[in-house]
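Residue numbers begin at 1 in each chain, while the letters A, B, ... track the order of the sequences.
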Amino acid sequence: MLLEQQLRNKLQKKDILLMTHIVLGYPSFDVNRQVIRQMVENGVDCIEMQIPFSEPMADGPVILKANQDSLAAGTRVEDCIAFAAEMVSQHDIPFLFMSYYNILFKYGEEAFCKQAADVGIQGFIIPDLPPEMGTSFLALADKYELALILIYAPTSTDERMKELAGHGRGFIYCVARRGVTGKKSEFDQNFDNYLNRCRAATNLPLAVGFGIQSKEDIEALKGKADMAVIGSRTIKLVEKEGAAAVGPFIASLR
Amino acid sequence: MLLEQQLRNKLQKKDILLMTHIVLGYPSFDVNRQVIRQMVENGVDCIEMQIPFSEPMADGPVILKANQDSLAAGTRVEDCIAFAAEMVSQHDIPFLFMSYYNILFKYGEEAFCKQAADVGIQGFIIPDLPPEMGTSFLALADKYELALILIYAPTSTDERMKELAGHGRGFIYCVARRGVTGKKSEFDQNFDNYLNRCRAATNLPLAVGFGIQSKEDIEALKGKADMAVIGSRTIKLVEKEGAAAVGPFIASLR
Amino acid sequence: MDRNGFFGNWGGAYIPEVLYQTFQELKEEYRRCRKDPEFWQDYLNLMSTYSCRPTPLTYAENLTHHFGGAKIYIKREDLNHTGAHKANNVMGQGLLVKRMGKKRVIAETGAGQHGMATATMAAKFGLDCTIYMGEEDVIRQRPNVFWMEKMGATVVTVKDGSRTLKDAINEAFRDWVTNVDNTHYVFGTACGPAPFPEMVSWFQSIIGIEAAEQIVRYHGKMPEKIYACVGGGSNAMGIFKRFLDETDVELVGVEAGGQGADSGAHAIRLSSPDATPGVAQGYKTMFLQNDDGQMKNTHSVAAGLDYVGVSPILSDLWEKKQVRFESATDDEVIQALDLTMKQEGIIPALESAHAFAGAFREVGQLSPDDAIIINQSGRGDKDIFTIAHAYADPSWKKFIIGRAQEYSK
Amino acid sequence: MDRNGFFGNWGGAYIPEVLYQTFQELKEEYRRCRKDPEFWQDYLNLMSTYSCRPTPLTYAENLTHHFGGAKIYIKREDLNHTGAHKANNVMGQGLLVKRMGKKRVIAETGAGQHGMATATMAAKFGLDCTIYMGEEDVIRQRPNVFWMEKMGATVVTVKDGSRTLKDAINEAFRDWVTNVDNTHYVFGTACGPAPFPEMVSWFQSIIGIEAAEQIVRYHGKMPEKIYACVGGGSNAMGIFKRFLDETDVELVGVEAGGQGADSGAHAIRLSSPDATPGVAQGYKTMFLQNDDGQMKNTHSVAAGLDYVGVSPILSDLWEKKQVRFESATDDEVIQALDLTMKQEGIIPALESAHAFAGAFREVGQLSPDDAIIINQSGRGDKDIFTIAHAYADPSWKKFIIGRAQEYSK
Ligand SMILES: Cc1ncc(COP(=O)(O)O)c(C=O)c1O
Ligand SMILES: Cc1ncc(COP(=O)(O)O)c(C=O)c1O
């Protein structure tokens, strides 16, 4: 079943879904394992697993450091794929790969899609691959029934949003604000107008990411968005209080 | 009696005359006193007393340092004139002032000539005052019967020598070589040719200076020059062995 | 450049969605400027009154006799205001920023030359300015940092990754996506997402346009070869562009050989097998990366050449064999610098000295009837710390130690 | 200049007899060059291909608005090769030396700029080169010393007297009287025995010739006032000369006020009562000396202005009230420098900054319809140690201390 359908099914039972994010190999695959278990057990609906890249242009200090430390610890792409296979087999929620285009490009677009499909990954988030640059990759993703999630930003015009909607699969990742990951966002009137524009532009489910940190944030999104994305927040949590703290935190969000 | 005549008289009795040089106030007027006494007692025929100047452009390291130390010790032009008066009254040989033009210029050309004449100075050596620059001063020197000694250099053309001869008084100071005071000179064939040119250009007595250090040097000059000039050599001697060493050294030169 | 910003297989604009709209506007404004003859005229006026364009083409008579081959001419970008070709690009983008009405500029810098140039432009055009500079370069190029700050710019030391140029670029992009509305990113070289490679090359093309006119005036015909050092590729594109259609003129790009092509410690992207196609910092080109696509650390004595990528336009010209690429090691570069100083009284920047080293290797074999042009992209003054260091000059060390003692009091 | 080298009551040639003949030859050759239109043409060609003459005249729009008075134009001698107007004089004398067939040049230097320029010229013309530099200046201007040596010159540190410019000049004369046959003394400013004051001014006059043409082109008429800093007087004479007959143009020379006109620690020869007529270093002018005629120590933050004498031509113009003289203190100069960097992105040498300080004081009172020209004799890069020091920049100190620790290992 395609990612979009899976999410729609979940949305039958919940008024908003939760997607979380981890950086593979940071602080270690072992800790990744514990964190993911806690996330799943506490009702996370979807997890994006970031394959670390040396030039994470769109990421803020927290995830940037996670990328660098993971690589410094020797994380390879093959390790990430193997770990993904393990997670998919153990947990019954959709998993996505998040990374920068060079990782896929260097691996080989088709080889990567094939591998991802084989291990049961449902889709990709690639912040530096707008559809103009990803024509061949979009085709391959469809061929292997993988959803290439596209991104909306507050700076996107209505016209641009429509264009992206045409290429998007699974859901649209709405970046809550200008800037990189990690900083707090304001969910004010401007934000609502922005989400309304997003909604008007596409029928795909809307996920909202960047700076979502608390139950309040998520409450504020109910009825406006279909999925909330928790990114840096859990990474900081694990750094401070360890993997065990993730479960309670996730639970506290709903 | 004019300087030239005095020297000619001395030349009746000696085959070569000796002129020595001191820097006033270096290392002190006291030492100057002792040194001059020793020079006179050992048969020096003429003494040039250098009034220190802060920019002794034509002097080498030894005399340069003497100038600076004398000034650092507080030597003033007035002190030099007073000291000259004392020497002239005590010793029966001609004394000359050697200095750079600014000292006389700043004092006032006429004022300085008058003063010098009053205290019995016989003439001046001013390395940075060629006759073209000294028209007024030459006239004043004549008025006060002071000899402005002019200088020949190996680079002077015959024509230039003739021109200088016309303005020169007392004797001509023949610089033995290119360069500043203090370094040894070669008294070779070139040098002889040079002295011949000097002799041909003027009837004034010829003094030879720059780098004369020993009896041999002076022997070499006999018959060619009328006066040998000992400069830096005695200053170094006083620095090393004290004033008392000057007498024996002078004696050893003839 | 095709409509997606590609040159053959290279280039493009791999940018986060947040920047999409800005790039549309930038491309639009850039297109307008290219169509508007007045813009180029304004640019020429600015460069001839604020900097000293046209820069001279100097006949290096002593070097020519030293090697006994072709006549050596040096294009003197070192005489630009701020001391390098970087001014050409920055002033051009400055005029663009004024048209776009943005009030703040940011820039990355490696050697500090581009940072200096941008800080200078910002002061002249009354713009706020933030410069991102890798920690290692901040140390290598301290004097430039001092001047940038004195001209009112904020210099941010980047401590991520390899702490050099590429990391400064990432950090600048992070600033841009955050402040996109009022900020223009003055990209410093012919790399990055379209339209930067083409736009920067356009502004720099003034070098070659002048050089072509000058060499014909002095030498009577086109040169045999033209040498330029290649970091990101802007000074090379700047002097090459005009000559691309002159098929008899060989264009030679000299990359940073660092400690040698086999040492791994270099920045050779096109003239060694170490680099492979990749996509980073918003564009596709030949990158020094490992099998996973992770960028490697590079090395060069010249901060401005110490970079993992290279202009996509040059990758295209390389693939099409329109430009030949060589490299020069740190040692060869210091030797070339030494020879040039002693023979001509000219002090090339360490970056530029790569072009000299590359040319010196070959010029002896050419005929005295022919001429070559070396592009002196900048002056070496800025490199005194690096160069004095490379010479291990004892009196320099003594001087620095003395100064430090004063400061430690 | 009359036949004895005087300008009114000033100048002359008070030289030891050993040099008489050389000066005859020098004067002769100089006269021939002045009569020979080809010589000036060769000079222009050299300066436009090796340096970047004509140097720009930059309209300082921001400074103009800042002061709200006359339009401020800056003559950009800083863009010369080696970074100052000194190149104009040195290259001219270089051509002269080639005609005279001498094989060795010597020079004094204060700021190091003239030494740099001479070492550069010597490298280009293949001449042996020895530079005399006061110990204090060697310390103040270390980077220049480094470059001079790298260009093959021998730099002799002068430890006599005040260990600054005047002592370097004496030492250079001592070398000259010793090696007069094969050596030319490249005097660095419009001082010294005739024909140097006039000859140096002649070579520098290219500044004013260009500036006059440029200001009329940009501004439509002659400027109200022209400001130049005055050390020995060469950059001032260089820009003033062309305007001496333009009686409506006021010429203003700015001397080094050091710690203040009353502090005794300054180098004000013409705009304070401290100086008196004197004769030293081969010429007659206004000197800072005591009642006995002994030269005093001078002080300026700018090594190039830290000198006891001044061009006899300027003393004459001062006496005849054709040039007005002012002074600027070290502090005013640092402030003017700071403002110029932030407003225009231009970094004047500390010497030049005196001219800026002098102009800033007055420009506000002039009409916006009028214009002034400030002669930027050189660029400030060379002064980084002095300027960073003056700012007591902490990160700079930290940097130097860090470097020193490396070197102390
Ligand atoms: C003087 C100089 N030359 C060359 C370069 C390399 O850049 P590019 O290859 O874009 O000319 C730099 C970069 O900072 C530089 O400062
Ligand atoms: C940049 C600069 N300006 C001015 C001067 C002062 O010399 P002058 O008065 O001869 O121009 C110097 C002397 O070194 C200098 O380096």
Top contributor to chain A contacts, counting heavy-atom pairs under 4.5 Å, from C/V177, C/D160, C/N290, C/D292:
C/D292

Heavy-atom cut-off 4.5 Å, strictly under: side chain, backbone, both or neither for C/D175 against chain A?
neither

Verify whether one side chain among C/E108 and C/Y185 offers a donor that lies under 3.5 Å from an acceptor in the other.
yes

Under 4.5 Å from a heavy atom of chain C, the part of A/R76 involved
both

So what's closer than 4.5 Å to chain C heavy atoms on A/D59: side chain, backbone, both or neither?
backbone

Looking just at side-chain N and O atoms, do A/Y144 and A/Q115 make a donor-acceptor pair shorter than 3.5 Å?
no

Aromatic rings A/F83 and A/F29: how do their planes relate, parallel, tilted or perpendicular, breaks at 30° and 60°?
tilted

Specify which of A/L64, A/L104, A/V175 makes the most heavy-atom pairs with chain C at under 4.5 Å.
A/L64

Side chains of C/K284 and C/S315, donor plus acceptor under 3.5 Å
no

Can you pull out the residues in residues 124-139 of chain A with any heavy atom less than 4.5 Å from chain C?
A/P127, A/D128, A/L129, A/P130, A/E132, A/M133

Which answer fits C/Q281, side chain, backbone, both or neither, if we ask what part of it has an atom under 4.5 Å from a heavy atom of chain A?
both

Between A/P61, A/A153, A/S54, which has the largest tally of heavy atom pairs under 4.5 Å with chain C?
A/S54

salt_bridge(A/D158, A/K162) N-O dist < 4.0 Å
no

Apply side chain to side chain contact (heavy atoms under 4.5 Å, CB included) to the pair A/L24 and A/F97, showing each step before the final yes or no.
CA-CA 10 Å; A/L24 292 169; A/F97 271 143; 4.1 Å; yes

Check: C/Y307/C/E255 side-chain N/O donor and acceptor closer than 3.5 Å:
no

Measure distances from A/F53 to the heavy atoms of chain C and classify the residue's part below 4.5 Å as side chain, backbone, both or neither.
both

Side chain, backbone, both or neither: which part of A/P56 has a heavy atom under 4.5 Å from chain C?
both

Examine whether an atom of C/F287 lies under 4.5 Å from a heavy atom of chain A, and if so say whether it belongs to the side chain, the backbone or both; otherwise answer neither.
neither

Is it true that C/D306 and C/T298 share a donor-acceptor pair across their side chains at a distance under 3.5 Å?
yes

Please identify, among C/Q289, C/E171, C/R174, the residue contributing the most non-hydrogen atom pairs under 4.5 Å to chain A.
C/R174

Quick check on the interface: out of C/Y20, C/F173, C/F6, who has the most heavy-atom pairs with chain A under 4.5 Å?
C/Y20

Would you say A/Y173 and A/L150 make side-chain contact, with heavy atoms under 4.5 Å?
no

Do side-chain atoms of C/T130 reach the backbone of C/T154 as a donor and acceptor pair under 3.5 angstrom?
no

In terms of heavy-atom proximity below 4.5 Å to chain A, should C/V180 be classed as side chain, backbone, both, or neither?
side chain

Sort A/L71 into side chain, backbone, both or neither according to what part of it lies under 4.5 angstrom from a heavy atom of chain C.
side chain

Does a donor on one side chain sit under 3.5 Å from an acceptor on the other, for A/S156 and C/E17?
yes

Using 30° and 60° as the class boundaries, would you call the ring planes of A/F187 and A/F191 parallel, tilted or perpendicular?
perpendicular

NZ/NE/NH1/NH2 to OD/OE distance under 4.0 Å, A/E239 and A/K236:
no

Pair A/E78, A/Y107: side-chain N/O donor-acceptor within cut-off below 3.5 Å:
yes

Among C/Q294, C/M295, C/Q21, residue most engaged with chain A (heavy-atom pairs, under 4.5 Å)
C/Q294

Under 4.5 Å heavy-atom distance to chain A, tell me which part of C/P193 shows up: side chain, backbone, both or neither.
neither

